[in-house]
Amino acid sequence: MTPAWAYWMWTTGSTETSVDLALDYTKRYLVTGYLTLTEGEEYAHVYISVVCHYDGGDQVLCGIRDNGDFDLGVTEFISSASRVTIKLRTNGGRHRAEGAIFEY
């Protein structure tokens with residue numbers, strides 16, 4: 001595996017932030033992300049919110065995953081993707097998420 005991207009996000013209070021990363025659709029990736037700081041008893045989670053797939057034709061198909069799933073971290077293989085958006089959603093407190101994307 002070869003590192004392709006590293007990212008980090010942080011928030012204070014009830015909010016959300018995201019990072020949008022471009023990918024090579026001909027490669028397969030392992031997307032990871034974890035909460036690395038949680039101050040306060042409030043809730044936070046990090047997840048994949050959008051994946052855009054491309055097959056070499058004339059369409060890019062984006063799927064929105066903002067479904068309120070409460071996974072605390074991300075570990076997922078994706079392929080044929082031209083873009084991925086990772087989001088940190090919080091409800092109070094201070095939170096930080098970090099992760100990396102690896103070519104697989």
Side-chain angles (χ1 to χ4, degrees):
M1 285 193 286
T2 306
W5 293 98
Y7 67 90
W8 55 92
M9 301 175 279
W10 54 92
T11 64
T12 301
S14 297
T15 189
E16 58 188 32
T17 185
S18 63
V19 61
D20 191 35
L21 303 167
L23 304 175
D24 181 346
Y25 77 94
T26 63
K27 298 180 180 178
R28 186 174 177 190
Y29 294 92
L30 171 61
V31 179
T32 66
Y34 304 95
L35 291 174
T36 57
L37 169 70
T38 304
E39 288 185 356
E41 295 185 20
E42 291 78 8
Y43 175 76
H45 73 283
V46 60
Y47 61 99
I48 296 174
S49 69
V50 177
V51 176
C52 293
H53 290 280
Y54 179 68
D55 64 4
D58 60 353
Q59 292 183 346
V60 176
L61 302 174
C62 295
I64 297 174
R65 297 182 176 183
D66 278 350
N67 59 5
D69 193 5
F70 297 111
D71 293 333
L72 297 179
V74 174
T75 304
E76 185 175 332
F77 287 98
I78 59 174
S79 58
S80 302
S82 61
R83 189 184 78 167
V84 64
T85 303
I86 302 161
K87 189 176 280 189
L88 171 61
R89 182 177 291 161
T90 62
N91 184 14
R94 290 188 337 144
H95 304 280
R96 179 181 167 106
E98 297 180 24
I101 298 178
F102 300 93
E103 290 181 15
Y104 186 74

Give me the atom names and distance for the closest heavy-atom approach of Glu42 to His95. O-CE1, 3.7 Å

Determine the minimum heavy-atom distance between Ala4 and Glu103, stating which atoms define it. CB-CG, 4.1 Å

Please answer: with hydrophobic residues joined when any side-chain heavy atoms are less than 4.5 Å apart, are Leu35 and Val74 in the same cluster? yes

Rounding to 0.5 Å, atoms CG (Leu37) and CH2 (Trp8) come to a distance of 15.5 Å

Of all residues at least two apart in sequence or in a different chain, which pass the side-chain hydrogen bond (donor to acceptor under 3.5 Å, both in side chains) check with Thr11? Thr90

Sidechain-backbone polar pair: His53 side chain, Ser80 backbone, donor-acceptor under 3.5 Å: yes

In terms of relative ring orientation, are Tyr43 and His45 parallel, tilted or perpendicular, with 30° and 60° separating the classes? tilted

On a heavy-atom basis, the closest approach of Met9 and Val19 is SD-N, 3.9 Å

Inter-residue atom distance Asp20.CG - Lys87.NZ, 0.5 Å rounding: 11.0 Å

Which heavy atom in Trp10 sits nearest to a heavy atom in Thr17, and how many Å separate them? O-CG2, 4.2 Å

Whether the side chain of Thr32 engages the backbone of Ala100 through a donor-acceptor N/O pair (distance < 3.5 Å, no angle test) should be reported. yes

Working to the nearest 0.5 angstrom, can you tell me the gap between Arg28 CZ and Leu23 CG? 13.5 Å

For Asp55, give me all partners under salt bridge (Lys or Arg N to Asp or Glu O under 4.0 Å), at least two apart in sequence or on another chain. none

Taken to the nearest 0.5 Å, the spacing of Thr15 OG1 from Asn91 CG works out to 10.5 Å

Residues that Glu39 engages under side-chain hydrogen bond (donor to acceptor under 3.5 Å, both in side chains), provided they are two or more places apart: Arg94

What about Tyr25 and Val84, same hydrophobic cluster or not, with Ile/Leu/Val/Met/Phe/Trp/Tyr joined at side-chain heavy-atom distances under 4.5 Å? no

Taking all atoms of both residues into account, what is the closest heavy-atom pair of Val51 and Ala81, and its distance? CG1-CB, 4.0 Å

Taking all heavy atoms of Ile86 and all of Val31, pick out the closest pair and write down the distance. CD1-CG1, 3.8 Å

Distance from Ile101 atom CD1 to Met1 atom CE, nearest 0.5 Å? 13.0 Å

Do Tyr7 and Leu88 belong together in a cluster built from hydrophobic side chains that touch within less than 4.5 Å? yes

Look only at the side chain of Trp5 and the backbone of Gly99, and say whether a donor-acceptor pair between them is shorter than 3.5 Å. no

Co-membership, hydrophobic cluster, residues Ile48 and Phe102, 4.5 Å side-chain: no

Out of curiosity, Ser18 OG to Arg89 CZ, how far, rounded to the nearest 0.5 Å? 10.5 Å

